[in-house]
Number of protein chains: 2
Amino acid sequence: MKNSISREPFPASRKIHVSGSRHNISVAMREITLTDTRLHGRHGETAPNPPVTVYDTSGPYTDPEAHIDVRKGLPRLRGEWITGRGDVQQLEDFTSRYGRERLADPALQHLRFEHLRLPYKAKPGGNVSQMHYARKGIITPEMEYIAIRENQRAEELFTADNQLWHQHKGNNFGAGMSTGWITPEFVMQEVAAGRAIIPSNINHPESEPMIIGRNFLVKINANIGNSAVTSGIEEEVEKAVWACRWGADTIMDLSTGKHIHETREWIIRNSPVPIGTVPIYQALEKVNGKAEDLTWELFRDTLIEQAEQGVDYFTIHAGVLLRYIPLTAKRMTGIVSRGGSIMAKWCLAHHKESFLYTHFDEICEIMKAYDVAFSLGDGLRPGSIADANDAAQFAELETLGELTKVAWEQDVQVMIEGPGHVPMQLIKENMDKQLKHCHEAPFYTLGPLTTDIAPGYDHITSAIGAAMIGWFGTAMLCYVTPKEHLGLPNREDVKQGVITYKLAAHAADLAKGHPGAQHRDNALSKARFEFRWEDQFNLSLDPDTARSYHDETLPAEGAKVAHFCSMCGPHFCSMKITQEVREFAAGKGVDEQEALKAGMEEQSKAFIGQGGEIYS
Amino acid sequence: MKNSISREPFPASRKIHVSGSRHNISVAMREITLTDTRLHGRHGETAPNPPVTVYDTSGPYTDPEAHIDVRKGLPRLRGEWITGRGDVQQLEDFTSRYGRERLADPALQHLRFEHLRLPYKAKPGGNVSQMHYARKGIITPEMEYIAIRENQRAEELFTADNQLWHQHKGNNFGAGMSTGWITPEFVMQEVAAGRAIIPSNINHPESEPMIIGRNFLVKINANIGNSAVTSGIEEEVEKAVWACRWGADTIMDLSTGKHIHETREWIIRNSPVPIGTVPIYQALEKVNGKAEDLTWELFRDTLIEQAEQGVDYFTIHAGVLLRYIPLTAKRMTGIVSRGGSIMAKWCLAHHKESFLYTHFDEICEIMKAYDVAFSLGDGLRPGSIADANDAAQFAELETLGELTKVAWEQDVQVMIEGPGHVPMQLIKENMDKQLKHCHEAPFYTLGPLTTDIAPGYDHITSAIGAAMIGWFGTAMLCYVTPKEHLGLPNREDVKQGVITYKLAAHAADLAKGHPGAQHRDNALSKARFEFRWEDQFNLSLDPDTARSYHDETLPAEGAKVAHFCSMCGPHFCSMKITQEVREFAAGKGVDEQEALKAGMEEQSKAFIGQGGEIYS
């Protein structure tokens with residue numbers, strides 16, 4: 001087993017930890033150090049630029065002080081909080097029959113995570129979901145961690161008169177966003193109301209708590225997973241680390257090939273972010289791909305198997321009802337959801353209602369015993385522009401709303417999945433309908449793609465829709481890579497997808513007016529304007545790429561302090577010219593406005609007199 | 001001089017020509033041939049898929065029947081139309097002093113386009129702009145060409161009962177779009193009203209006529225140009241051909257280094273699309289980079305020099321007024337427009353109003369004599385999210401509106417340039433203000449970028465804003481490459497930028513409900529659903545990339561007819577499963593809806609009985 005995972009810290013960055021009210025609440029963030037601004041016209045004087053703190057999903061991997069051994073997994077950050085609540089028991093064996101079979105199989109020895117722990121579960125009749133605690137008025141350590149994390153130290157660093165902290169008023173379409181910085185109380189209220197979820201299975205104590213909700217930072221998910229044709233376990237763990245490094249807030253393990261069980265264990269044990277799965281995929285593997293052979297019992301066992309490993313949320317296509325399936329008959333692209341088409345096949349084969357729907361209450365019983373959240377799947381989402389917003393799609397959405405209420409009766413956390421392929425003029429309707437039918441449960445969309453004509457570029461066709469629907473209130477955006485519709489994404493594709501969705505989510509934060517969101521944009525633009533190239537790169541989402549693109553045509557180190565770049569050459573840089581305009585005005589001891597008012601003929605003459613010195 | 005330009009036709013595509021009412025109106029388009037659909041359950045029967053016709057900016061280069069010699073330039077497609085109007089004269093020498101100097105310089109012999117023609121100009125006192133003709137009620141051959149081109153043969157191929165021609169109703173925010181297919185009369189009316197422009201200098205007869213206007217397909221521009229640091233003439237011509245190949249509707253030559261004059265000649269003579277420039281750049285070169293040494297006379301000579309070469313539109317920053325400059329003093333990123341900062345420097349140095357503004361009428365006199373269109377530059381556009389929608393930006397916009405009216409008094413065509421960096425919630429305001437102040441002249445924006453935090457990915461941060469502002473009514477989108485803010489784009493960057501902007505423009509066409517726009521999406525999705533992989537690739541904006549991404553994990557030719565891809569493997573493909581569901585229903589001679597109504601127990605048993613055959 002290779003142990004070569006990505007550990008390089010980001011440039012000019014250090015991992016910092018912000019403490020909470022309890023000794024073991026220590027929230028990891030990333031602090032980016034900046035260079036000083038040279039003050040022109042004031043002989044060698046400089047002004048410091050304070051460091052910028054940003055949200056950090058990369059986990060201990062980018063902390064040089066953290067000792068990582070993937071064979072042992074990450075530290076169990078939440079371990080004490082979970083056991084400290086006194087409402088869990090550690091089981092004496094795995095409950096799932098399939099899980100026990102895998103464990104007993106000697107042929108899998110070499111693939112198995114060695115340091116398995118016996119799973120935890122709620123005490124009989126108990127409920128360990130964060131929603132349950134929130135509804136009892138309890139602020140858990142997870143909630144406090146999240147409040148600190150979301151603020152990114154803004155509550156400490158903000159100064160009203162500093163241009164770097166200015167931002168445009170947003171438009172959040174009437175969402176109930178916090179009027180100030182996020183507090184643990186606000187987190188609790190949002191979770192209690194079901195407007196936000198904290199995916200945090202008690203068997204995944206390694207995860208750094210995070211929240212998915214309209215009134216928080218827009219989050220993104222990256223998909224990883226092997227398939228029958230390519231990839232192996234080592235590659236999958238590194239994919240997870242790699243995705244988190246670049247900004248994935250959660251990861252879904254969508255493996256469909258061999259060793260799903262073992263692969264997932266490695267991933268969860270080493271993942272600082274919540275993990276989601278689509279249990280029906282593994283269930284289908286167990287019946288050798290024959291959808292009609294699926295049974296509720298098999299599915300139930302799979303849910304427990306995965307819950308006891310620590311999966312934080314399950315995509316469950318419980319809204320694909322028998323009577324909705326014919327609504328897809330005339331579609332351009334039928335049913336594009338894997339889970340949705342599996343269930344459709346089962347329903348037609350048995351002429352029965354989906355067992356996911358008929359056994360939904362029992363699913364809830366399982367979820368609440370481990371705190372697994374629902375991601376109610378959009379099995380009937382549109383897979384083409386032509387099918388957007390059709391009857392099948394919205395019929396399922398209404399059922400998901402109905403199921404949300406059922407889950408909430410048991411305090412089980414819920415988010416709702418969404419499309420897909422939707423042209424821009426139809427995107428708002430999706431958000432409006434989801435808010436209406438699903439009682440403000442968080443929305444989690446796949447894009448949407450805003451046109452079908454660009455396979456190879458679907459990370460972009462969907463970034464457009466994702467940014468817009470994030471602005472309208474969607475809480476999490478599932479990434480799309482350049483390989484969408486074509487094949488399995490490789491490492492570079494995963495990075496492209498993550499960065500693309502990070503920028504789309506951030507564009508949505510700005511548009512919503514999320515407090516403090518514009519700080520990073522301001523800091524980067526200030527660095528750009530002042531030709532602090534290294535700072536510009538280091539503040540960006542992908543410093544390596546920014547730096548290497550710059551270096552392609554102007555590689556010398558001297559160029560990084562040079563006041564031009566290859567785009568325009570030394571004479572033309574408009575920022576350079578603007579600087580000179582300001583310097584001139586400053587040199588006369590007046591700002592430009594004053595200079596003009598005072599009558600500038602004198603200054604003009606002096607300006608021209610300096611002519612020989614303006615261009616170096 | 002290398003003659004290795006991109007000539008490869010697109011796969012499964014041929015250049016077709018659609019005739020107009022006159023013998024020499026022959027509109028080039030691209031026709032993509034598709035394979036047949038296999039009809040499942042009907043032993044070897046197939047149904048043909050009609051070819052799909054799409055708009056084609058690539059010019060004769062992708063026509064294997066066209067003989068191309070870049071030393072001679074492209075055929076003078078519009079030549080007879082221009083001279084046939086009887087209102088032009090061919091001059092006996094170039095008018096521009098600088099142009100004559102370059103021509104006389106033996107040292108430039110080796111760089112010069114050999115087959116120079118003497119330039120054409122309106123007869124004294126004349127006006128050869130397309131707007132002038134339109135306002136006289138004349139439908140020019142250019143206008144008819146455009147109507148045919150915009151329709152992409154839809155008026156001939158559309159059938160109301162064919163799912164491929166269905167599309168969602170759009171939302172065009174009250175624009176006066178044509179209720180049916182585009183007609184020459186509609187083109188004339190839009191141009192007469194100033195809502196659209198046809199950039200078509202009488203000295204650029206090689207260009208294939210196109211239109212820029214809110215009520216037509218959204219267009220994109222690609223920038224090319226050398227700078228002091230890199231690139232040469234041969235590379236620049238190929239960049240233009242390359243950009244057009246992938247979909248650029250116009251090209252701006254933004255060269256700032258040596259040999260701007262000669263480079264431009266090569267480009268225009270070989271460009272099938274309109275060419276724009278920013279004349280102040282070359283003027284600045286002529287005064288060795290000293291903005292304060294610019295004069296009106298030098299600028300005037302430069303306009304004439306470029307007009308007589310055939311430049312179709314000039315970016316002129318006539319709205320950067322002396323009194324607006326102080327409004328930029330407190331900005332985060334000052335003045336980011338090269339032209340804007342040059343003029344700002346000049347105004348401050350001379351304490352005078354911009355000569356572009358004070359001599360605007362004389363500029364119009366030049367424009368109308370050659371039919372050069374204005375692209376009124378946004379010299380005070382915001383270069384950071386922080387500066388979006390500020391006083392400087394909108395002050396300039398109002399002046400551009402005032403200047404639009406002045407230009408229209410002389411029937412000179414005008415479009416208005418726009419931002420920049422604008423967060424999503426502030427984009428609509430830009431469109432609303434531009435419509436209000438600029439009397440519906442076409443809007444031509446640079447993005448806008450919706451966040452500053454992702455240099456290296458600014459083609460994406462801006463595609464989001466561009467798609468949205470295109471939807472709101474912007475007529476042309478100036479592309480942004482991954483190298484934005486960092487350096488000069490290379491060939492691959494240009495392609496990335498063009499494809500990205502093509503998809504953004506198309507997403508806008510769909511959202512506006514442009515008649516027929518969804519046809520290509522439908523055809524591609526149908527191909528995707530039916531596993532006609534080659535058709536899916538060939539219909540996409542970038543067939544090469546789509547194919548190679550697919551081949552990366554599944555390279556065998558057999559895989560292209562295989563009913564799965566590496567994303568999911570052979571058992572899981574949801575489209576495959578959906579096919580099976582439909583096949584089953586079809587095999588029983590009923591569609592799914594009927595099957596369910598009739599009671600499906602019988603079918604269910606048969607379905608399971610076939611179980612062994614469902615998965616291959």
Side-chain angles (χ1 to χ4, degrees), chain A residues 171 227-229 256 289 326 329 332-336 338 341 345 349 351 384-386 423-425 450-456 461 464 467 471 483 486-488 503 506-507 510-511 520-522 524-525 529 540-542 545-546 549-550 553 566 569 571-572 574 577-578 592-593 600 604 607, chain B residues 171 227-229 256 289 326 329 332-335 338 341 345 349 351 384-386 423-425 450-456 461 464 467 471 483 486-488 503 506-507 510-511 520-522 524-525 529 540-542 545-546 549-550 553 566 569 571-572 574 577-578 592-593 600 604 607 615:
Chain A
N171 172 8
S227 78
V229 185
T256 58
M332 186 69 81
T333 44
I335 299 173
V336 297
R338 284 189 233 165
S341 54
K345 195 158 182 178
H351 183 47
S384 53
I385 292 297
M424 290 191 285
Q425 81 280 22
T450 51
T451 169
D452 298 338
I453 71 169
T461 59
I464 295 166
W471 173 23
K483 293 287 179 23
L486 300 169
L488 204 69
L503 69 83
H506 184 77
L510 292 179
R520 189 173 185 171
D521 300 75
N522 294 341
L524 192 147
S525 287
F529 184 72
S540 73
L541 288 181
D542 183 1
T545 296
Y549 280 2
H550 179 264
T553 37
S566 71
H571 285 179
F572 257 83
S574 51
I577 291 168
T578 305
E592 287 161 33
Q593 204 149 356
M600 274 187 73
S604 300
F607 190 83
Chain B
N171 172 8
S227 78
V229 184
T256 58
M332 185 70 81
T333 44
I335 300 173
R338 282 189 233 166
S341 53
K345 195 158 184 178
H351 183 48
S384 53
I385 292 295
M424 290 191 286
Q425 81 281 23
T450 51
T451 169
D452 298 338
I453 71 169
T461 59
I464 294 167
W471 172 24
K483 293 288 180 19
L486 300 169
L488 205 69
L503 69 84
H506 184 77
L510 291 178
R520 190 173 185 170
D521 300 75
N522 294 342
L524 192 147
S525 287
F529 185 72
S540 73
L541 288 181
D542 182 1
T545 296
Y549 280 2
H550 179 264
T553 37
S566 71
H571 284 179
F572 257 82
S574 52
I577 290 169
T578 306
E592 287 161 32
Q593 204 150 355
M600 275 187 69
S604 299
F607 191 82
Y615 290 96

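Chain naming here is simple, since letters A, B, ... match the order of the sequence lines and numbering starts at 1 in each. Keep in mind that this is a model prediction, so the values were computed, not measured.
- B:Q425 and A:A511 make their closest contact through OE1-CA, 3.2 Å (heavy atoms, listed as atom of the first residue, atom of the second, distance).
- When A:G456, A:P423, A:A454 are compared by the number of non-hydrogen pairs under 4.5 Å with chain B, A:G456 comes out ahead.
- Using a 3.5 Å distance cut-off with no hydrogens or angles, the side chains of B:D452 and B:S384 do not pair a donor with an acceptor.
- Nearest heavy atoms, B:L486 versus A:H550: O-CD2, 3.2 Å.
- Considering every non-hydrogen atom in both A:A467 and B:M424, the closest pair reads O-CE, 3.2 Å.
- In terms of non-hydrogen atom pairs under 4.5 Å with chain B, the most contact-rich of A:T450, A:T545, A:L503 is A:L503.
- With a 4.5 angstrom heavy-atom cutoff, A:L524 touches chain B only via side-chain atoms.
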